[in-house]
Amino acid sequence: MSAIAIVFMIISMLTIWGGLAISLISLNRHPEKHDDDVIEPAGSAGN
Amino acid sequence: MSTPSSSQGAPLATEKRETFSSRKLFILSAIGSAVGLGNIWRFPYVAYENGGGAFLIPYLVAILCAGIPLLFLDYSIGHRYRGSAPLAYRRANRKAEVLGWWQVLICFIIAIYYAAIIAWAAMYCWFSITKAWDKNADGAAGFFMNDFLKVSENVNVGFDFVGNIFIPMFFVWLVTIVIMVAGVNKGISRANAVFMPLLIVMFLILVVQSVFLPGAIDGLNAFFTPDFAALSNPAVWAAAFGHIFFSLSVAFGIMVTYSSYMKRKSDLTGSGYVVAFANSSFELLAGIGVFAALGFMAYNAGSSVDEVATSGIGLAFIAFPTIVSEAPLGALIGVLFFGSLVFAGLTSLISILEVIVAAFQDKLGWKRVPATLVVGIPVALVSLVLFPTTTGLYLLDTMDAFVNQFGILACALVMVIVFGAGLGMLPKLAKHLNRHSSIKLGTGWKVLVGGIGPAALGYMLINEIQSKMAESYSGYPVWFNGVFGWGMAGALIVGAVLLSLVPWSKNSKIDDPEFDQHRANVEAEEVPEASGKEY
C-alpha cells in the first residue's frame with residue numbers, strides 16, 4: 001500500500017470507529033432514565 | 001410486556017403501546033435497520049468511485065450536516081407524537097397524515113423486493129459450499145442469470161415461477177412474519193439481539209480472512225488512495241449526501257416508528273449518534289472486506305482492481321461467487337458473506353415491515369397479532385407472486401431505482417419542507433429532543449434540517465429527474481419503466497392521499513388516553529431554553 005493510502009486508511013478508521021467509541025462513551029456517561037409517569041414541573045428534569 | 005411505564009389512567013380501549021424494554025435494544029434494532037444490503041454492497045463502490053480515501057471528507061460532512069440532523073427529525077416526531085408514521089404526522093398536523101401513508105406505501109414496495117434479495121443470498125450460502133456456478137460455462141454471471149434466476153429475455157411481468165427462488169422467499173417471509181407477530185420486545189428486539197452480534201462476528205471473520213488473501217493489499221490501496229480532484233466535483237458531494245441519506249434509513253418512516261417505541265425519558269440525540277456512527281463503522285468494515293476480496297479477484301485474473309470493482313447485485317452475485325471459487329477456504333468466505341447479507345437484510349426487512357404493520361395497527365386499533373397477519377400475509381403474497389419469477393429481476397431493478405429516488409427522496413424533501421418552513425415545527429421538535437438528551441440541539445440543527453436539508457435533497461432530486469428523463473432506465477422498454485417506475489411512484493402518492501381520507505375507526509389510536517398522558521408529561525418536562533453543548 002502507498003503511504004498516502006495508509007494515512008487515509010488510518011484517518012478513516014480513527015474518525016469513524018473513533019466517532020463510534022466517543023458516542024458510546026458519551027452515551028454511557030448518561031445512564032438510562034426510567035419513566036415514572038408523574039407529571040413533573042417544567043425545568044425540573046435535569047441531565 | 002414488562003415496562004416500567006404503566007398508565008394508571010382511564011382503561012384503554014386497545015392494548016397498551018409497546019416500548020423497547022431498554023435503550024440498548026432500541027439502539028441495536030435501529031442499527032439493525034440502518035445496516036442493510038447497501039452498507040455491504042453499495043458503500044464500498046460509492047467510496048471508491050468518488051475519490052477513494054478523499055471521499056471521507058464529503059462523507060463525514062454529509063453525516064454531520066444531513067444524516068444525523070435528519071435522523072433527529074425522525075426521532076423527534078416519532079417520539080413526541082408516539083405513533084406510526086401516519087398517526088405521528090397527523091398528531092403533529094392533521095394534513096401531514098398523507099406523508100405518513102406515502103412512507104408506508106414506499107415501505108411496502110421496498111419490502112416486496114427486499115425479501116427476494118435476502119432469499120437469493122440465502123441460496124448462495126448453500127451454493128458457496130457446492131460451488132454450483134463452477135458448472136456453468138459462463139461462470140458466476142451465466143449461473144446467476146440463466147441457471148438460478150432463469151431470467152426471461154423479454155422485459156415484462158410474467159408468472160413463470162422459479163421454485164429455487166420461491167421456496168427460500170417463502171421462508172424469508174415466514175421468519176419475518178413470525179418475528180413481527182411476537183411484537184416489539186419479544187420479536188423485533190430479540191431478533192436484533194441475536195442477528196446483529198452474529199452479523200458483526202461473521203463479518204469480522206470475513207474481513208480478517210479477506211485481508212490475508214493474495215492481492216488484498218492492492219484492493220485496499222485502490223480503496224483508500226485519495227483522489228483530491230474529486231472534492232471539487234459537485235457530483236461527488238451529491239453522492240456522499242445521497243449515500244448517507246439512504247444508508248441511515250432516514251425519512252421513510254422507519255425511525256419515526258422505532259422511536260415511537262422508546263421510553264419517554266430517552267436520550268434521543270445520544271442514542272442517534274451511536275446509531276449513525278455504528279452504521280458508518282460497519283460500512284467502513286465492509287469497504288475493507290469487499291476491496292480486499294476484489295484485490296484478490298484482480299490478482300487472480302491478472303487484471304487491475306478497477307476492472308473488477310463493482311457494486312450491488314453484480315458485486316454480490318457475480319464477483320463474490322468468482323472469489324469463492326478461487327480463494328483458499330472460499331466456501332467459508334461465501335457462507336460468511338452471503339450469511340451477512342441475509343442477517344443484514346432480515347433486520348432491515350423487519351423494520352420496513354414494521355412501518356406498515358404499526359400504521360394499520362394505529363389506524364384500525366387492532367392488536368399486534370391480527371394487525372401483523374392481516375398486513376404481513378398480503379404483503380408476502382404480493383412479493384411471492386411478483387418476484388420469484390423469470391421476470392422478477394427486471395421488476396426489482398426498476399422498482400428499486402424509482403422508489404428510492406421518486407419515493408424516498410421526494411418524500412424526504414416534502415417532509416423537511418413541511419416540518420421546517422411549512423409548519424415551523426423545528427423549534428418545538430428541538431425542544432422535545434433537548435428534554436432528556438445528552439447532546440443539546442440549537443439553531444445549528446434547525447438550519448441544517450430546514451435549510452441545508454431541503455437544498456441537498458432538492459439538488460439530488462432534480463439531478464435524478466433529469467437523468468431518468470434523459471434515457472430509459474437500464475434500457476428497458478419505455479412502457480415498462482413508465483408503469484413500474486414512474487407509474488408506481490405516482491401511484492404511491494395517489495394511494496397515500498386515499499388512505500389518509502379513510503376515517504380513523506372508533507377503536508383507533510387517534511383518541512388515546514395513554515397518548516394524552518404522554519403529551520402532558522412531555523410538555524411538563526420541556527425546559528424553556530436549550531442549555532449546555534449545542535449541535
Side-chain angles (χ1 to χ4, degrees), chain A, chain B residues 3-9 19 22-24 27 47 52-56 59-60 63 217-218 220-226 263-267 270-281 283-285 287-288 435-440 517-518 520-521 523-528 531-532:
Chain A
M1 269 176 96
S2 65
I4 189 92
I6 293 172
V7 167
F8 268 82
M9 182 174 78
I10 293 169
I11 294 173
S12 304
M13 289 171 171
L14 285 177
T15 48
I16 296 176
W17 294 345
L20 175 63
I22 292 167
S23 314
L24 277 169
I25 292 166
S26 159
L27 187 70
N28 284 332
R29 282 199 187 142
H30 296 85
E32 205 173 343
K33 295 173 191 171
H34 293 290
D35 294 356
D36 42 27
D37 276 355
V38 173
I39 300 174
E40 296 161 355
S44 72
N47 288 300
Chain B
T3 63
S5 86
S6 60
S7 170
Q8 302 295 322
T19 50
S22 73
R23 178 167 77 183
K24 208 180 283 173
I27 291 174
F55 184 70
L56 179 71
Y59 179 76
L60 284 175
I63 293 176
I217 298 300
D218 297 329
L220 294 180
N221 202 35
F223 184 62
F224 284 111
T225 301
K263 289 176 192 166
R264 198 180 74 242
K265 292 186 180 178
S266 296
D267 180 352
S271 305
Y273 267 96
V274 173
V275 172
F277 274 99
N279 177 61
S280 296
S281 296
E283 286 190 329
L284 180 60
L285 200 62
I288 295 169
R435 284 162 42 256
H436 293 289
S437 289
S438 52
I439 299 155
K440 306 292 181 196
Q517 186 178 25
H518 165 81
N521 284 328
E523 283 170 359
E525 284 165 359
E526 277 171 357
V527 285
S531 56

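A, B, ... follow the sequence lines: proteins, then strands. Residue 1 opens every chain. All values below come from the heavy atoms of this structure, side chains included, with hydrogens, waters and symmetry mates left out.
- For a residue to count as touching a neighbouring chain, one of its non-hydrogen atoms must lie under 4.5 Å from one of that chain's; by this rule B/Y59 touches chain A with the side chain only.
- The side chain to side chain contact (heavy atoms under 4.5 Å, CB included) test with A/S12 is passed by exactly one of B/L56, B/I288, B/L60: B/L56.
- Taking CG from A/L24 and OH from B/Y273, the interatomic distance works out to 14.0 Å, rounded to the nearest 0.5 Å.
- For A/I6, no part lies near chain B; criterion is any non-hydrogen pair under 4.5 Å.
- The shortest side-chain heavy-atom distance between A/H34 and B/K263 falls under the 4.5 Å cut-off.
- Separating the CZ atom in B/F224 from the CE atom in A/M13 is a distance of 5.5 Å, to the nearest 0.5 Å.
- Under the 4.5 Å side-chain criterion, counting only non-hydrogen atoms from C-beta, A/L27 is in contact with B/I27.
- Within the 4.5 Å cutoff, no side-chain heavy atoms of B/K24 are placed close to those of A/E32.
- At a 4.5 Å heavy-atom cutoff, B/S266 makes no contact with chain A through either its backbone or its side chain.
- Side-chain contact check for B/T225 versus A/F8: every heavy-atom pair is 4.5 Å or farther apart.
- Minimum interatomic distance between A/W17 and B/L285 (heavy atoms only, all atoms of both residues): CZ2-CD1, 3.8 Å.
- In summary, the side chains of A/K33 and B/H436 do present a donor paired with an acceptor at a separation below 3.5 Å, with no hydrogens or angles considered.
- The shortest heavy-atom contact between A/S2 and B/N221 is N-OD1, 2.9 Å.
- In this structure, A/I16 CD1 and B/S281 OG are separated by 7.0 Å, a value rounded to the nearest 0.5 Å.
- Atoms OG1 and CG, on A/T15 and B/L284 in that order, are 8.0 Å from each other to the nearest 0.5 Å.
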